[in-house]
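Notes to accompany the following structure.
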Amino acid sequence: MPLTHTVGSITVTALVDGAGPFFQPRAEAFPDATAEQWREADRRDPDSVTPDGRWWLPFRAFALRTGDGPVTLVDAGIGPAYALAASWAPVPGRLPAELAAAGIDPADVRTVVLTHLHTDHIGWAGPLFPNADHLVQRAELAALELFHPELPARLLGPLRAAGQLRVVDGDTTLTPGVRVLSTPGHTPGHQSVLVEHGDDRLLVTGDLLVHTLQLLDPTLTYTHEENPTQAATTRTRLLRAVTPATLATPHLGNPFTPTPDPAPPPPSPGDHEVIATTRRGGRQ
């Protein structure tokens, strides 16, 4: 049974479309990570590393639903064996079976938020969800040359023809308590989804965050970010803004990961003087 997390009256369900080893050595994906950071990341997220040291990668979508109302789906996974991701993804997707296990009829999905247009996030978009608008940032569409060359013909054209493509600019409210946030960097029009109820927050990250390393150090570069500097700035800013929150992540071992406790602020110069005096003679 798929795992769930509740924010107010909204149930967020993690749907695993597939899982397998990443296609390149993980040290190449994060070339600036230190040995100490790798050890700590593996301690925190042991399911993300295989016995032979490869990066084990789940591919998830997330369904948001209040009661038995309409469903908002964030991302659409790898897709079937003939999908655009088939050339590199480790396995075909199984999202229809995951939806069935969660008691979700694809016809009840009214919105599909595509966090970005990389092929492992769009695989089931389109015909599986005949009643759904598909949300994409305008900045993402303006950068189509960065993505799979068949994308316009295979996905975007049919969505436009069916009246199912919804283009948004920046932060957008979807439903009460659910907002799309512009989070550029991984791709130019990357977007994430924030679910809020009072002080309770859950952020569906998309590829704003792809590995626990980036919780240890949000500035760490991931090789497959289109703009690593912008991605690091966006990640750092947003994680600081939402903490404390639960992170609903496509690729971490735990689909619902709490944000780490914020680091304490550095001591002021006066604090340094107090600490030094206390260590020397026990005086303040």
Open item on the list: Under the criterion side-chain contact (heavy atoms from CB on, under 4.5 Å), I'd like the reasoning laid out for Val112 against Asp133: C-alpha separation, chi angles, the key distance, then a yes or no.
Closed with: CA-CA 6 Å; Val112 177; Asp133 287 341; over 6 Å; no
Tell me whether [X] at atom [atom1] has more than 12 heavy atoms from other residues, nucleotides or ligands lying less than 6.0 Å away.
X: Asp68; atom1: CG; result: no
X: Asp105; atom1: CG; result: yes
X: Arg166; atom1: CZ; result: no

Quick check: closest heavy atoms across [X] and [Y], and the distance to 0.1 Å?
X: Leu220; Y: Arg235; answer: O-NH2, 3.1 Å
X: Ala143; Y: Pro188; answer: CB-CG, 3.7 Å
X: Pro260; Y: Thr243; answer: O-CG2, 3.8 Å
X: Asp75; Y: Ala61; answer: O-CB, 3.3 Å
X: Pro250; Y: Gly206; answer: CD-O, 3.4 Å
X: Ala41; Y: His211; answer: CB-CE1, 3.9 Å

Any chance the side chains of [X] and [Y] put a donor and an acceptor closer than 3.5 Å?
X: His190; Y: Thr183; answer: yes
X: Gln137; Y: Ser182; answer: no
X: Trp56; Y: Asp47; answer: no
X: His224; Y: Gln24; answer: yes

Open item on the list: For the CD1 atom of Ile10 and the CG atom of Asp200, what is their distance to the nearest 0.5 Å?
Closed with: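 Taking CD1 in Ile10 and CG in Asp200, the distance rounds to 10.0 Å.
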Open item on the list: I'd like to know if Glu40 pairs up with Arg43 as an ion pair, taking the criterion as any Lys NZ or Arg NE/NH1/NH2 lying under 4.0 Å from an Asp or Glu carboxylate oxygen.
Closed with: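 So Glu40 pairs with Arg43 through a salt bridge.
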Taking the six-membered ring for Trp, are the ring centroids of [X] and [Y] within less than 6.0 Å of each other?
X: Phe30; Y: Trp55; result: yes
X: His251; Y: His121; result: yes
X: His186; Y: His118; result: yes

Are [X] and [Y] side-chain neighbours, meaning at least one heavy-atom pair lies under 4.5 Å?
X: Leu144; Y: Leu117; answer: yes
X: Val12; Y: Arg65; answer: no
X: Asp17; Y: Trp124; answer: yes

- [ ] Give the cluster check for Leu238 versus Leu215: same hydrophobic cluster or not, with ILVMFWY residues linked at side-chain heavy-atom distances below 4.5 Å.
- [x]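 Yes, because Leu238 and Leu215 connect within a single hydrophobic cluster, where side-chain heavy atoms sit under 4.5 Å apart.
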